[in-house]
Undergrad: 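Please read through the structure below; I'll follow up with questions.
Proteins get letters first, then strands, A, B, ... in listed order; numbering begins at 1 in each. Quick caveat: nothing in here was measured; it's all calculated off a predicted structure.
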Amino acid sequence: MSIGYCCISLGVNANRMKKDFISVNRGMIKKTFDSKGLPYVSELTLQNITDCKKILQYNVSKDISVYRMSSDMFPCIGFYKIKDLPKYDLIKSKMIDLGNYIKSNNIRVSFHPSHFNIIASENPDVVSRSIDELDKHAELMDMMELEQSTYYPINIHIGTTKPNTTIAAQRFCDSFSLLSDSCKSRLTVENDDSPNQYSVKMLYDMVYKVIGIPIVFDQHHFLYGPKDQSMEEALTLAISTWKTKALTHMSSSKKLEDIKGLATAHADYIYEKIETFGLDFDVEIEAKCKDLAVLKYRKDFI
DNA sequence: CCAGGTCAAGGGAGT
DNA sequence: ACTCCCTTGACCTGG
């Protein structure tokens with residue numbers, strides 16, 4: 001089992017001034033995009049890619065080999081074609097370099113595009129925008145020359161239950177066929193944290209059986225989703241859908257740190273040992289304290 | 001220079 | 001039909 005974290009690194013910025021902060025998600029609002037245009041996108045993107053490598057190097061130094069890359073690395077990615085960016089050749093060569101570093105250090109990276117990507121939406125415009133953005137995530141993986149498999153997953157939720165979970169899941173499967181082959185080969189789907197949304201078992205029956213994409217098991221979401229299986233059953237079922245080593249999510253409830261906190265919100269650190277039931281899988285820790293939570297988890301539990 | 005209001009985006013619950 | 005919230009961190013502006 002390898003354990004990693006998502007996007008932002010706190011440790012890499014210890015003792016660093018604001019000015020030289022290492023960040024992979026420099027972005028901009030639409031107004032700035034309209035006034036400064038693509039050259040500014042390229043400028044921020046190049047800085048983000050440069051810093052992403054620094055974070056990966058830091059991860060390697062801490063023996064952290066799982067990392068979720070930020071979807072904000074290319075700001076406002078829905079507004080342009082990647083190949084239209086100024087300095088595309090430079091961007092591309094830095095992405096190849098990043099990919100080489102990832103491969104030669106056996107790092108497993110993933111993407112988790114935002115919750116606005118809903119290919120099951122009843123609104124066709126939302127579907128086509130989501131397809132475009134998901135395909136672009138796959139294009140970034142391709143730019144890094146990472147193999148097209150769920151070893152490098154692009155993970156999303158179904159994102160809607162309209163008009164009911166069955167029909168929405170069908171639309172998810174229908175829209176899946178509209179994605180690029182590159183994206184299809186990497187797409188995974190994750191269980192939800194609400195009793196009205198999708199459990200692992202529902203995803204297995206409604207999505208996996210139809211289009212065969214793996215299920216990302218989120219241990220924290222499991223506690224708050226539909227209660228139709230034990231954790232061991234749900235984890236085992238989710239793991240069974242993977243051809244590559246499975247990826248899972250782990251977090252602790254904010255309630256454990258703050259009695260007023262939301263149960264479904266993420267805590268700063270992890271307070272429970274990850275249940276494996278004898279299975280092998282990778283883990284992305286979703287905790288506010290990011291890499292520091294990974295280091296603390298290993299100290300506390302391993 | 002900094003605090004805090006705001007941000008492209010959808011969905012869902014409540015009214 | 002409408003409002004507000006979810007959830008998140010960084011942007012950006014006004015003081």
Undergrad: Regarding T161(A), tell me which of base, sugar-phosphate or nothing describes its non-hydrogen contacts under 4.0 Å with the strands shown.
TA: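 Sugar-phosphate contact only - T161(A) comes under 4.0 Å of backbone atoms but never of a base.
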Undergrad: Regarding N25(A), tell me which of base, sugar-phosphate or nothing describes its non-hydrogen contacts under 4.0 Å with the strands shown.
TA: sugar-phosphate
Undergrad: Show me, range against range, the stems involving DNA chain C, built from at least 3 consecutive Watson-Crick or G-U pairs below 3.5 Å.
TA: B:1-7 with C:9-15, B:10-15 with C:1-6
Undergrad: Could you pull out all residues at least two apart from D142(A) that satisfy side-chain hydrogen bond (donor to acceptor under 3.5 Å, both in side chains)?
TA: Q148(A), S182(A), R186(A)
Undergrad: dT13(C), dA10(C), dA9(B): which one has an atom nearest the side-chain heavy atoms of E133(A)?
TA: dA9(B)
Undergrad: From C-beta outward on T160(A), which listed nucleotide comes closest to its side chain: dC7(B), dG9(C), dG12(B)?
TA: dG12(B)
Undergrad: Does the side chain of S71(A) pick up a donor-acceptor pair with the side chain of H112(A) at under 3.5 Å?
TA: no
Undergrad: Are V60(A) and I107(A) close enough that some pair of their side-chain heavy atoms sits under 4.5 Å apart?
TA: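 Yes - at least one pair of side-chain heavy atoms lies under 4.5 Å apart.
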Undergrad: With a non-hydrogen cut-off below 4.0 angstrom, is N196(A) in contact with a base, only sugar-phosphate, or nothing?
TA: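 It contacts sugar-phosphate atoms only.
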Undergrad: State whether Y152(A) and R108(A) meet the cation-pi test: NZ (Lys) or CZ (Arg) under 6.0 Å from the six-membered ring centroid, and within 45° of the perpendicular axis.
TA: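 No cation-pi geometry.
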Undergrad: Take atom CG of D192(A) and atom P of dC6(C), then tell me their distance rounded to the nearest Å.
TA: 17 Å
Undergrad: Hey, does the side chain of R129(A) come within less than 4.0 Å of dG10(B)'s phosphate (OP1/OP2), counting only N and O?
TA: yes
Undergrad: Would you please say whether a donor-acceptor pair under 3.5 Å links the side chains of T150(A) and T244(A)?
TA: yes
Undergrad: Between F116(A) and dA9(B), do the rings stack, that is, sit under 5.5 Å apart with planes less than 30° off each other?
TA: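 So yes, this residue stacks on that base, both cut-offs being met.
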Undergrad: Would you classify S194(A) as touching base, sugar-phosphate or nothing, given that sugar-phosphate means primed atoms plus P, OP1 and OP2, and contacts are heavy atoms under 4.0 Å?
TA: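 Nothing: the residue S194(A), judged by heavy atoms under 4.0 Å, touches no strand.
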Undergrad: Which part of the nucleic acid, if any, lies within reach of K288(A) when heavy atoms closer than 4.0 Å are counted: base, sugar-phosphate only, or nothing?
TA: sugar-phosphate
Undergrad: For residues 122-129 of chain A, which side-chain N or O atoms pair as donor and acceptor with protein atoms under 3.5 Å away, sequence neighbours left out?
TA:
| unit_1 | atom_1 | unit_2 | atom_2 | d |
| --- | --- | --- | --- | --- |
| N123(A) | OD1 | D125(A) | N | 2.8 |
| S128(A) | OG | P124(A) | O | 3.4 |
| S128(A) | OG | D125(A) | O | 3.2 |

Undergrad: Report, as yes or no, whether the 6.0 Å neighbourhood of atom NZ on K30(A) holds more than 12 heavy atoms from other residues, nucleotides or ligands.
TA: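 Incorrect, the count does not exceed 12.
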Undergrad: Remember a base hit wins even if backbone is also touched, and classify F33(A) as base, sugar-phosphate or nothing at under 4.0 Å, heavy atoms.
TA: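 Result for F33(A) = nothing.
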